[in-house]
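None of the values given here were measured: they were computed from a predicted structure.
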2 protein chains.
Amino acid sequence: MFKRILIAEDQETQNISLQKTLADLGSEKPEYVYYCDDALTWIKNAIKMERPYDLLITDLYFEEDHNRQKIAGGAELITAAKTLQPELKILVFSGESKPAVIDMLFKEMNIDGYVRKARHDGQYLKLAINAIYNHKKYLSPDLKQARKENNSHDFTDLDIAIISQLVEGTPQKNIPYYLQEHNIKPSGLSSIEKRLNLMKEVLGFSKNEQLIAYCKDIGII
Amino acid sequence: MFKRILIAEDQETQNISLQKTLADLGSEKPEYVYYCDDALTWIKNAIKMERPYDLLITDLYFEEDHNRQKIAGGAELITAAKTLQPELKILVFSGESKPAVIDMLFKEMNIDGYVRKARHDGQYLKLAINAIYNHKKYLSPDLKQARKENNSHDFTDLDIAIISQLVEGTPQKNIPYYLQEHNIKPSGLSSIEKRLNLMKEVLGFSKNEQLIAYCKDIGII
DNA sequence: GTTATCCTTACGGGAAACCGTAGCAGGGCG
DNA sequence: CGCCCTGCTACGGTTTCCCGTAAGGATAAC
């Protein structure tokens, strides 16, 4: 089993119960921090002392505080940690359930496991740690189904740019200028209309308002 | 100090740490359940046995499960509990931070305290329990500021109906029919336009899309 | 080099939304 | 009772959006 585990979790009660849950897994007493910056410092020091961590368990979102932090959230912490120690295993433990966010973590950040803070999270944490120890990926089961029923449109960068501009209040007819400035093509007004129509048709919507609400729900904006 | 405390929290790790946090407060070992229905049953039984609970600590949102529940969430649990035992003190412990939701809890459900699951939630829980024991209301400090910087428009039932219809995809010009059917007045098209304009003006928006995104963020829809 | 195809863009008619104005009903007050 | 004020509604002109069609440009196959 993993010898050295580091917990990065800002929520006091969660942090306590993480320590307790991991206590009976046969590793050393896990170490824990409440801030991302601290997490990175500890990882650095552990490498320097030639006792690097085996596993990092981290939340995604950290609250702001009087302590100004360089690293704002779990995602940044993961990239920073991976540059210091590429083989470090990462288990994300967060309340986030939006498929877009979780897909990104696995695909782009190459994390090893994700457990959502939910009903049986204690059991799943243990399963996840076991799986990761055996070099497998782990995703808590409550999320697997959520990803399956995903008959959604996959949003391109263009789609997201268009929707973001709408949310900013840019009139549709002015969006071509924005797209040209940011070298996003196609940038014609007709292409924007076509793209919006496609998205709405796939999702069964008729109005932009529905589309915005949907995008807010699944978390792409 | 409170003698008998009941915890209703579906998240395994949170539930554990709640028990641990409350352990050193001088009350009996707190009792805990993972489902709303169970919570209500326990409250009922406690009354029947003439050992009623003094305090209910509950989450707001409970996950669905193979166990079909009659009571879906914390809000319903609170109303059900209060009809059984009106003097029961209620402390809500949830991750929710949207002012609209929390205001509703204090004003309409008359809860005694709210602690948000956040950085120092352990300390705040203890403060909250003390405050409630002394018949005071308690709101965790991280939320007090959030409510102050609330220069937002207060949404009327009409506003919410209009926005909901937009999110449903109803064309603006058809919303009057909907309002008439539901006996919401005013129902004229001009009134709808006027109302939308007012909301957008107060919030500094120019387009409906911005308004929808904002409402999603603060959680009124 | 030519043709076919796909994608982007431009244009124009019609619908919806936006905005200002004016008429109408109800309530308070002298 | 008459007057004023407020809020709801109705109407027209302008802008924006919607949608179908057609022209331009790049790429790939022949």
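- Heavy-atom contacts of chain A under 4.0 Å fall on DNA chain C between two terminal nucleotides, which in 5' to 3' order are dT8(C) to dA17(C).
- Going from atom NZ of Lys194(A) over to atom C1' of dT21(D) covers 13 Å, rounded to whole Å.
- Residues from residues 164-191 of chain A lying near DNA chain D, meaning a heavy-atom separation below 4.0 Å, are Pro171(A), Gln172(A), Lys173(A) in numerical order.
- Residues meeting the ring-ring contact (aromatic ring centres under 6.0 Å, His included) test with Phe2(A), sequence neighbours left out: Tyr133(A).
- Take Tyr138(B) and apply the ring-ring contact (aromatic ring centres under 6.0 Å, His included) test, not counting sequence neighbours, and it matches no residue.
- Arg116(A) and Asp121(A) are not joined by a salt bridge, as no carboxylate oxygen comes within less than 4.0 angstrom of a charged side-chain nitrogen.
- Within the structure, side chain to side chain donor-acceptor pair (under 3.5 Å) contacts touching residues 187-203 of chain B (residues at least two apart or in different chains) are Asp159(B)-Arg195(B), Lys200(B)-Asn208(B).
- Looking at Tyr32(A) and Leu6(A), their side chains never come closer than 4.5 Å, going by heavy atoms from C-beta outward.
- Atom CG in Asn208(B) sits about 11 Å away from atom P in dC18(D), given to the nearest Å.
- At a cut-off of 3.5 Å, with distance as the only test, a side-chain donor of Asp65(B) or Tyr35(B) sits close to an acceptor on the other residue.
- Judged as a ring-ring contact (aromatic ring centres under 6.0 Å, His included), and not counting sequence neighbours, the contacts of Tyr178(A) are His182(A).
- Taking atom CD1 of residue Ile192(A) and atom P of nucleotide dC17(D), one finds them 10 Å apart after rounding to whole Å.
- Within the 4.0 Å cut-off from OP1 or OP2 of dC19(D), at least one side-chain nitrogen or oxygen of Asn197(A) is found.
- Side chains of Tyr114(B) and Glu96(B): no donor on one and acceptor on the other come within 3.5 Å.
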